[in-house]
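Right, one structure below, let's go through it.
In this text the structure is predicted, and so the values were computed from the model without any measurement. Each ligand, and each atom within it, is numbered from 1 in the order the structure gives.
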Amino acid sequence: MDEIKIGLVGLGTVGSSVLKMITENSHKVQNITGRNLSIKTVVVRNVAKHQQEVPEGVTVTDDLTAIVDDPEIKIVVEVMGGVHPAKEIITSLLKAKKHVVTANKDLIASAGEELAVIAKQNHCDLMYEASVAGGIPILRTIVTSFAADYITEVKGIVNGTTNFILTQMQRKHWSYDQALMKAQELGFAESDPTNDVEGIDAAYKMVILSQFSYGTHIKMSNMSVEGISTIQQEDVQQADAFGYTIKLLGISRRIDDGVFAEVGPVLVPQDHPLATINNENNAVMVTGKAVGETLFYGPGAGGLPTANSVLSDIVSVTKNIVLGTTGNGFNNYQSQVGKVDPKNVIYPYYLSLKMLDAPGQMLKFTQIMTQIGASFSQIVQTKNDDQTARVVIITHEMSKAQLNDLKTYLSKVNTMSLLAAYKVL
Ligand SMILES: NC(=O)c1ccc[n+]([C@@H]2O[C@H](COP(=O)([O-])OP(=O)(O)OC[C@H]3O[C@@H](n4cnc5c(N)ncnc54)[C@H](OP(=O)(O)O)[C@@H]3O)[C@@H](O)[C@H]2O)c1
């Protein structure tokens with residue numbers, strides 16, 4: 001049987017699971033593709049650390065040219081992470097006519113289009129199923145199973161670390177700091193958790209999901225991105241009392257002729273499917289004009305689940321090699337969309353305010369709401385230990401433009417401050 005040799009760049013959590021899966025599942029893959037796949041060379045930084053982790057016959061090196069210059073290696077898996085030097089490495093691999101599979105969302109969100117062009121010029125495949133929601137096969141599903149449907153919204157829980165932290169805050173009544181510490185202890189959060197907890201990782205994934213769903217590239221700089229590090233236990237309990245669970249959601253929606261995308265904490269009704277996604281799990285909800293609402297659920301990270309997505313790409317590339325159809329692009333949908341006016345982005349909001357506990361303050365706040373043309377459906381006031389009160393409100397539907405006006409008005413009032421403003425689903 002013909003052999004296809006694979007190069008692996010990175011042998012950490014994902015890389016070592018890719019090696020394990022290729023070795024253990026080779027029989028099934030052979031059966032499907034008609035090719036015998038095996039890893040020939042692994043590139044890492046620290047060769048001594050990894051020498052014992054590979055089966056006999058596999059070369060471990062810190063020299064990338066061992067892969068780039070090896071004509072026998074046809075497919076390379078990049079699982080080292082980060083934008084640089086991963087971008088330069090993938091570029092040189094594509095120029096050396098190697099097909100590339102990567103799990104690198106940071107890189108694909110920032111330079112995916114550029115790399116796709118280089119891949120096409122060199123008649124190579126560039127696939128990255130594992131870059132969004134780890135083990136959930138969502139990108140290929142959008143490409144193939146939603147190919148003819150008009151997607152109107154894609155939203156979901158696309159970061160396992162933050163979902164784990166929020167689940168602990170809700171179930172155990174822990175503070176954000178306590179829950180983060182537990183996540184770090186269990187390996188669900190990195191020692192520097194900024195990318196996860198500030199919503200940046202989720203935003204990368206929403207950029208990629210939007211590209212697949214609407215054929216358009218949304219710049220990170222055009223997205224509002226808020227994380228979970230300022231969520232207080234009081235907010236979690238208050239949301240619960242109102243019948244909601246706080247989740248960090250990525251939302252990308254067609255509005256008029258444009259696409260609006262945002263990442264931030266959202267109050268999700270407790271009977272909504274997304275409210276039931278707990279711990280490190282992820283879920284992506286895709287709404288199509290024809291199909292309606294669909295939900296894809298599974299592990300958003302972890303070595304083997306992510307390796308499963310990497311392997312599905314390797315199998316797809318292998319089939320393309322066999323059929324002579326490489327270089328076609330993972331996602332070929334291209335479309336122009338306009339900008340969305342903040343006046344047309346409408347949601348109810350959860351507002352948490354700290355205000356001086358004195359007569360006339362609520363009246364002042366109500367006057368501001370009237371001035372911006374907004375109103376509220378629920379309100380709860382509790383006294384703080386000092387001379388202030390915490391006022392929590394669920395508004396009726398209001399626009400993002402009205403919310404911006406509210407923030408401007410409140411910034412000029414020195415007896416009240418807005419602690420949180422979260423969308424309500
Ligand atoms: N972990 C997950 O659950 C998960 C889920 C989805 C996507 N991803 C993505 O998958 C990628 C890999 O993640 P991971 O968790 O497996 O990372 P990891 O455990 O930190 O492993 C990174 C590997 O890359 C190697 N490496 C780093 N810089 C290198 C360089 N300049 N040259 C050669 N090798 C280098 C490291 O070698 P040394 O060990 O010698 O330092 C290590 O073996 C990232 O893009 C990540 O975002 C991960």
Side-chain angles (χ1 to χ4, degrees), residues 7-21 39 41-54 58-68 76-93 100-112 115 126-139 156-164 183-184 186-196 200-205 207-209 279-282 284 298-314:
L8 189 57
V9 184
L11 195 64
T13 309
V14 181
S16 53
S17 295
V18 169
L19 181 64
K20 182 178 155 74
M21 270 195 81
I39 301 229
T41 307
V42 180
V43 174
V44 291
R45 273 179 304 208
N46 182 342
V47 175
K49 184 174 116 190
H50 296 290
Q51 199 75 63
Q52 303 307 316
E53 294 169 14
V54 300
V58 176
T59 305
V60 182
T61 173
D62 57 4
D63 178 12
L64 187 75
T65 59
I67 288 181
V68 176
V76 182
V77 176
E78 181 277 307
V79 277
M80 57 182 275
V83 175
H84 301 288
K87 185 179 170 190
E88 292 72 23
I89 288 177
I90 291 183
T91 303
S92 64
L93 289 166
V100 174
V101 171
T102 175
N104 195 330
K105 57 240 164 189
D106 316 31
L107 177 60
I108 293 299
S110 58
L115 292 172
L126 171 67
M127 295 193 182
Y128 39 91
E129 177 64 72
S131 64
V132 175
I136 307 177
I138 188 64
L139 296 183
I157 296 166
V158 289
N159 181 274
T161 305
T162 44
N163 203 42
F164 178 85
Q184 285 171 322
L186 295 174
F188 293 133
E190 293 176 24
S191 51
D192 176 3
T194 313
N195 259 15
D196 289 317
I200 300 160
D201 175 83
Y204 288 144
K205 291 160 180 170
V207 168
I208 302 170
L209 282 171
N279 292 318
E280 69 278 19
N281 290 309
N282 280 196
V284 180
L304 282 170
T306 308
N308 183 51
S309 292
V310 169
L311 262 287
S312 78
D313 283 348
I314 293 175

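Nearest non-hydrogen protein atom to atom 21 (O) of ligand 1 is Gly12 CA, 3.3 Å. Nearest protein heavy-atom contact of atom 40 (O) of ligand 1 is Asn46 N, 2.7 Å. For atom 44 (C) of ligand 1, the nearest protein heavy atom (residue, atom name, distance) is Gly81 CA, 3.5 Å. Considering only non-hydrogen protein atoms, atom 6 (C) of ligand 1 sits nearest to Thr306 CG2, 3.5 Å. In terms of protein heavy atoms, atom 31 (N) of ligand 1 is closest to Met80 CE, 3.5 Å. Of the protein's non-hydrogen atoms, the one nearest atom 38 (P) of ligand 1 is His50 NE2, 3.5 Å.
Using a 4.5 Å cut-off on side-chain heavy atoms (C-beta onward), Leu107 and Tyr128 make no contact. Contact of the Lys105 side chain with the Val132 side chain is not registered, since no non-hydrogen atoms from C-beta on lie closer than 4.5 Å. Considering only heavy atoms from C-beta on, Val68 comes within 4.5 Å of Leu93 through its side chain. Counting heavy atoms from C-beta on, the side chains of Val54 and Ile39 never come closer than 4.5 Å. Counting heavy atoms from C-beta on, the side chains of Ile208 and Ser131 come closer than 4.5 Å. Counting heavy atoms from C-beta outward, Lys49 and Leu11 have side chains that stay 4.5 Å or more apart. The shortest distance between side-chain heavy atoms of Val158 and Leu209 falls below 4.5 Å.
Compare Arg45, Glu78, Glu280 by their heavy atoms: the one nearest to atom 28 (N) of ligand 1 is in Arg45. The residue among Val43, Thr13, Val132 with a heavy atom at the shortest distance from atom 15 (O) of ligand 1 is Thr13. Selection from Gly10, Ala48, Ala103 by nearest heavy atom to atom 10 (O) of ligand 1 gives Ala103.
Under the 3.5 Å distance criterion, the side-chain polar atoms of Glu78 are left unmatched by any main-chain donor or acceptor of Val101. A distance-only check finds no donor-acceptor pair linking the side chain of Asn308 to the backbone of Gly135 [under 3.5 Å]. Without hydrogens or angle criteria, Thr41 side chain to Thr59 main chain gives no donor-acceptor distance under 3.5 Å.
In terms of polar-atom proximity, defined here as any N/O pair under 3.5 Å, Asp106 makes no such contact with ligand 1. Ligand 1 has no N or O atom lying under 3.5 Å from any N or O atom of Pro85, backbone or side chain. Of the polar atoms of Leu11, at least one N or O is found under 3.5 Å from an N or O of ligand 1, judged by distance alone. Note: no N/O pair closer than 3.5 Å links Ile89 and ligand 1 by distance alone. At under 3.5 Å, a nitrogen or oxygen of Val14, whether backbone or side chain, sits near a nitrogen or oxygen of ligand 1.
Close approach to Gly302 involves these atoms of ligand 1, each under 4.0 Å from a residue heavy atom: 2 (C), 3 (O). Every atom of ligand 1 is numbered from 1 in the order shown, and the set under 4.0 Å from a heavy atom of Ala130 is 6 (C), 7 (C). The Val44 neighbourhood of ligand 1 comprises atoms 33 (C), 34 (N), 37 (O), 40 (O), with distances under 4.0 Å to a heavy atom of that residue. The contact set between ligand 1 and Ala301, taken as ligand atoms under 4.0 Å from a residue heavy atom, comprises 3 (O). Ligand-side atoms of ligand 1 in range of Val79: 12 (C), 22 (C), 23 (C), 24 (O), range being under 4.0 angstrom from any heavy atom.
To the nearest 0.5 Å, atoms OG1 (Thr102) and CG (Leu115) are separated by 9.0 Å.
With no hydrogens or angles considered, a side-chain donor-acceptor pair links Thr65 and Asp63 at under 3.5 Å.
Protein non-hydrogen atoms do not reach within 4.0 Å of atom 17 (O) of ligand 1.
Contacts of Asn104 with ligand 1, taken as heavy-atom pairs under 4.0 Å, involve both backbone and side chain.
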Exercise. Does the side chain to side chain contact (heavy atoms under 4.5 Å, CB included) test come out yes or no for Met80 and Val43, once each step is laid out?
Worked result: CA-CA 9 Å; Met80 57 182 275; Val43 174; over 6 Å; no
